[in-house]
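Everything numeric in this text was worked out from a predicted model, so none of it was measured. All heavy atoms count here, side chains included; hydrogens, waters and symmetry mates do not.
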Amino acid sequence: MNNQQKNIFITGAASGIGKATAIYFANKGWAVGLFDINEKGLEEVAREIGHNACMMQKLDVTNKLEWEVAADSFSRYTGGTCDLFFSNAGIANFTGRIEDIPLQESQKIIDVNFSGVVKGMYTMLPLLKNTKKSVVVSTSSIGGFVPVPGASVYSATKFAIRGLTEALRIEFKEYGIDVCEVNPWFTETPILDAKSTSDKMDGVLNREAILSRSRIARIHPVSKVAETIFAIYRHRKIHNKIGWEGKFVAFIMNYCPSIIRMMSRKMYKDYF
């Protein structure tokens, strides 16, 4: 990359929101760092972008050593800077009653969706501090404002991301680093392939179940999230809800949470 180019470090870049964001930023002329545990997926994204516009490396976000290696590789690629750190990697392999989901699967969700983000913050901070007006964006969810029965641990990790974002927004301000998050409504990502572990329960993140559950249910394209990430770099807004549906339910949850709880109980009355 040249010295005038902006750059972005993306976790979970092999698919879904990460892939769409990588392609969007590359088309805008940014140098893109692609990081994911899925090496085959990374290669496909790099081929689509063009190897001259990106670098790629395997990264298991739960592994601190791999974080350090990835940050070092990205630093050499960019000359020691990081304009935008997009901490996006996340999973939700299973949904259902918490008692039906194996503990080790819930622990994986915590390790990737929250612990992985924390490790990334520690590791990328020196590069962010070394970059004028750098930005951190983490992928949270409307599920970080509104509880999601049947995906309770997933939802809890997104609440945790919101808390981390609020606190680090204050801590990092002295370095000129803006900390933000993106909060999508249901989005067309591999998370919608999560399998239900509870008998007679449609997966709460399953496409067909989402679209049949409510008149306001809608699945947004990943391109809408990618556009929002690009906008966040310019306006640095801390919380960025995507979709009027998400804005609506988050508003209600903020001012009258009993309505959301009542709606959730009614929606999932056959399961909980």
Side-chain angles (χ1 to χ4, degrees), residues 1 4-36 45 48-49 53-54 74 78 81-90 113 117 120-121 124 127-128 131-146 158-159 161-170 172-173 175-189 191 216 218-251 254:
M1 63 169 285
Q4 304 303 315
Q5 241 181 333
K6 297 289 186 181
N7 60 72
I8 180 172
F9 182 114
I10 305 173
T11 66
S15 63
I17 291 170
K19 176 181 178 179
T21 301
I23 293 169
Y24 190 91
F25 274 74
N27 288 339
K28 293 290 186 179
W30 284 50
V32 180
L34 306 169
F35 300 89
D36 200 295
V45 178
E48 185 169 349
I49 289 175
C54 66
F74 188 74
T78 65
T81 64
C82 179
D83 291 295
L84 202 166
F85 170 38
F86 183 28
S87 187
N88 166 69
N113 294 11
V117 174
M121 295 292 184
M124 295 299 293
L127 284 179
L128 294 164
T131 310
K132 189 176 181 179
K133 295 184 178 180
S134 57
V135 180
V136 178
V137 180
S138 299
T139 298
S140 183
S141 170
I142 293 300
F145 290 91
V146 179
K158 298 307 182 180
F159 271 81
I161 292 297
R162 183 155 62 97
L164 184 69
T165 299
E166 287 281 0
L168 293 185
R169 176 84 167 198
I170 298 168
F172 289 0
K173 197 65 178 177
Y175 306 125
I177 303 168
D178 286 304
V179 182
C180 313
E181 65 174 16
V182 63
N183 311 91
W185 182 251
F186 294 112
T187 304
E188 185 56 58
T189 73
I191 282 177
I216 70 167
R218 179 184 175 191
I219 298 174
H220 290 282
V222 289
S223 59
K224 190 165 186 177
V225 184
E227 293 168 6
T228 302
I229 302 302
F230 192 76
I232 290 171
Y233 183 76
R234 297 196 309 271
H235 60 58
R236 283 108 193 295
K237 184 179 175 184
I238 184 168
H239 304 297
N240 299 270
K241 305 175 191 72
I242 295 178
W244 71 266
E245 311 93 336
K247 293 174 183 177
F248 174 73
V249 297
F251 176 85
N254 189 42

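Of the possible polar contacts, one joining the N240 side chain to the E181 backbone as a donor-acceptor pair under 3.5 Å is found. A side-chain donor-acceptor contact under 3.5 Å links R236 to the backbone of K133. Checking side-chain atoms of D36 against main-chain N and O of A13 turns up a donor-acceptor pair under 3.5 Å. Checked by atom type and distance alone, the side chain of N27 pairs as donor or acceptor with a backbone atom of I23 at under 3.5 Å. One N or O on the side chain of T11 and one on the backbone of N88 form a donor-acceptor pair closer than 3.5 Å.
Judged by the 6.0 Å distance and 45° axis criteria, R169 is not positioned over the aromatic ring of F172.
Residues satisfying the side chain to side chain contact (heavy atoms under 4.5 Å, CB included) test with K28, not counting sequence neighbours, are Y24, W30, F230.
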Report the C-alpha distance between I238 and T165 in whole Å, list the side-chain angles of each, state the deciding distance to 0.1 Å, and finish with yes or no for side-chain contact (heavy atoms from CB on, under 4.5 Å). CA-CA 8 Å; I238 184 168; T165 299; 3.8 Å; yes
For S138 and M121, run side-chain contact (heavy atoms from CB on, under 4.5 Å): C-alpha distance rounded to whole Å, both residues' side-chain angles, the deciding distance at 0.1 Å, then the answer. CA-CA 10 Å; S138 299; M121 295 292 184; 3.5 Å; yes
Give the intermediate values and the outcome of side-chain contact (heavy atoms from CB on, under 4.5 Å) for residues I10 and F25. CA-CA 11 Å; I10 305 173; F25 274 74; 5.7 Å; no
Worked check of side-chain contact (heavy atoms from CB on, under 4.5 Å) between I8 and T21: CA-CA 10 Å; I8 180 172; T21 301; 4.2 Å; yes
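Rounding to the nearest 0.5 angstrom, the gap separating the CZ atom in F145 from the CG atom in N183 is 4.5 Å. Annotation: the span from T81 atom OG1 to F74 atom CZ amounts to 6.5 Å, rounded to 0.5 Å. With values rounded to the nearest 0.5 angstrom, F159 atom CZ is found 9.5 Å from S141 atom OG.
Between I142 and V249 the shortest side-chain heavy-atom distance falls below 4.5 Å. K19 is not listed as a side-chain neighbour of V222, based on a closest heavy-atom distance of 4.5 Å or more.
Here the closest heavy-atom approach between residue L128 and residue C82 is recorded as CD2-O, 3.7 Å. When every heavy atom of K241 is checked against every heavy atom of A250, the shortest pair comes out as CE-CB, 3.6 Å. A89 and G12 make their closest contact through CB-N, 3.8 Å (heavy atoms, listed as atom of the first residue, atom of the second, distance). Of all non-hydrogen atoms in P184 and I242, the two that sit nearest each other are CA-CB, 3.9 Å. Heavy-atom minimum distance, S223 versus A20: N-CB, 4.4 Å.
Side-chain N/O atoms of N7 and Q5 include no donor and acceptor closer than 3.5 Å.
The side-chain contact (heavy atoms from CB on, under 4.5 Å) test with F86 singles out one residue from V136, V32, I229, and that residue is I229. Looking at H235, K237, K173 one by one, the single match for side-chain hydrogen bond (donor to acceptor under 3.5 Å, both in side chains) with D178 turns out to be K173.
Using a 4.0 Å cut-off between a side-chain N of Lys or Arg and a carboxylate O of Asp or Glu, D83 and K132 do not qualify as a salt bridge.
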